[in-house]
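Presented below is the structure to which this report refers.
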Amino acid sequence: MPAEDAEIQAALDEGVKLIELVSPVSISGNGKVNSITCQRMKLGKPDASGRARPMSIPNSEFTITLDSVIPAIGQDVILDFLGDKQLDVNKKTGATNIANVFAGGDAIRGAATVVDAVGDGQIAAKNILKATGLSGKFSSESNKSITELDLQQKAINREYGISIPKYSDEHKLNFDMIHRTMTKDEVVKEANRCLYCDEVCSVCVYVCPNLANYQYNAVPINAIVQKVAQADDKITISNLTPIIFEQSTQIITIGDFCNECGNCDTFCPTAGAPYKTKPHLFLTKDSFLQESEG
């Protein structure tokens, strides 16, 4: 069931009855719904994704008497007040085809995470300021002044967050608020769990089974990137988009050690693919020549 354990338990606590492996067949009523007919299912063989495909059980239909039906079979954003092309978004700026309108989050991604939505909001905010001619320097550098040792200790010591506080542990069937806001002390305690990912991440270093990713310190620079191409005896050199190194902590991949397992891609909190995008260092000429570019 695609819901968090706490949400399922909360529903059970309020007396909700969950009927699993059941598929609705038809809804009956006369001006107002009065029943729904369902069919029981069983799990069949796994499909291409590895998920067991539900199969109907013949002659297993049954009827549930009810007075309302709430379809909850997916997540989508209904934007029927916009034209088909109006929400085409420039992913680099967040700008839409509508003048002075920016968009992000689930409206353009589908069901995604809060982190994705916050990131889209930051991109849009920066480009709104640029579009209006307001000055402002945007940098990934921060002034939190945490030491490298403290960062490493935060990364290796897991600290669990507090449970969402409730007004009362007593279950009541009403519409009163269940969860209260956190106290100041609770908020501070939660904030102290921050891993300072904006300061230094390096998750790809920790999770690489082949020790192919390394962290190093660099002077912030705008690095010129060039591409060399050879056709017959003619060699051409062209300039690509420069890379801006804002943070002093950077990652490099040792090409000879990387077998492209994708572990760093899986665990990257910013949805990056470090083994593809980070600068590569090759220890031998043979390994360098095996690469298509870089």
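Everything numeric here is computed off the predicted structure, so don't read it as measured data.
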Check: Under the side chain to side chain contact (heavy atoms under 4.5 Å, CB included) test, which residues partner N217, sequence neighbours left out?
Finding: E148, T249

Item checked: K227 side chain vs L240 backbone, donor-acceptor pair below 3.5 Å -> no

Margin query: Can you list everything that forms a side chain to side chain contact (heavy atoms under 4.5 Å, CB included) with S49? Sequence neighbours excluded, please.
Written below: D47, R51

Next item on the list: Mind checking salt bridge (charged side-chain N to carboxylate O under 4.0 Å, His left out) for D265 and listing every partner two or more places apart, or none if nothing turns up?
Entry: none

Item checked: salt_bridge(D120, R109) N-O dist < 4.0 Å -> yes

Check: Under 3.5 Å, is there a donor-acceptor pair between the side chain of S35 and the main chain of T65?
Finding: no

Notebook entry, point to check: Is it true that a side-chain atom of D232 and a backbone atom of K234 form a donor plus acceptor pair closer than 3.5 Å?
Noted result: no

Item checked: Set of residues satisfying side chain to side chain contact (heavy atoms under 4.5 Å, CB included) with respect to V114, sequence neighbours excluded -> V118

Notebook entry, point to check: Between N213 and C204, is there a donor-acceptor pair closer than 3.5 Å when you use the side chain of the first and the backbone of the second?
Noted result: yes

Margin query: Under a 3.5 Å distance rule, please check whether N259 uses its side chain to pair with a backbone N or O of C261 as donor and acceptor.
Written below: yes

Notebook entry, point to check: Okay, side chain of S60, backbone of S56: is any donor-acceptor separation there less than 3.5 Å?
Noted result: no

Notebook entry, point to check: Is any side-chain heavy atom of F102 less than 4.5 Å from a side-chain heavy atom of I128?
Noted result: yes

Item checked: Qualifying residues under salt bridge (charged side-chain N to carboxylate O under 4.0 Å, His left out), relative to E61, sequence neighbours excluded -> none

Check: With a 4.5 Å heavy-atom cut-off, do N127 and K130 have their side chains touching?
Finding: yes

Item checked: Under the side chain to side chain contact (heavy atoms under 4.5 Å, CB included) test, residues paired with K42 that sit two or more places apart -> M55, I57

Next item on the list: Is it possible for you to say whether V33 and I36 belong to one hydrophobic cluster, with membership spreading through side-chain heavy-atom contacts below 4.5 Å?
Entry: yes

Notebook entry, point to check: Has the side chain of T253 got a donor or acceptor atom that lies under 3.5 Å from a matching backbone atom of G255?
Noted result: no

Note to self: Check whether Q122 reaches the backbone of G119 with its side chain - one donor and one acceptor, N or O, closer than 3.5 Å.
What the structure shows: no

Notebook entry, point to check: If you take all heavy atoms of G44 and A52, which pair is closest and at what distance?
Noted result: O-CB, 3.7 Å

Notebook entry, point to check: With a 4.5 Å heavy-atom cut-off, do I19 and I64 have their side chains touching?
Noted result: yes

Checklist line | Ionic contact status for E186 with K189, cut-off 4.0 Å | finding: no

Note to self: Donor-acceptor pair, distance only, cut-off 3.5 Å: does the side chain of S202 make one with the backbone of V205?
What the structure shows: no

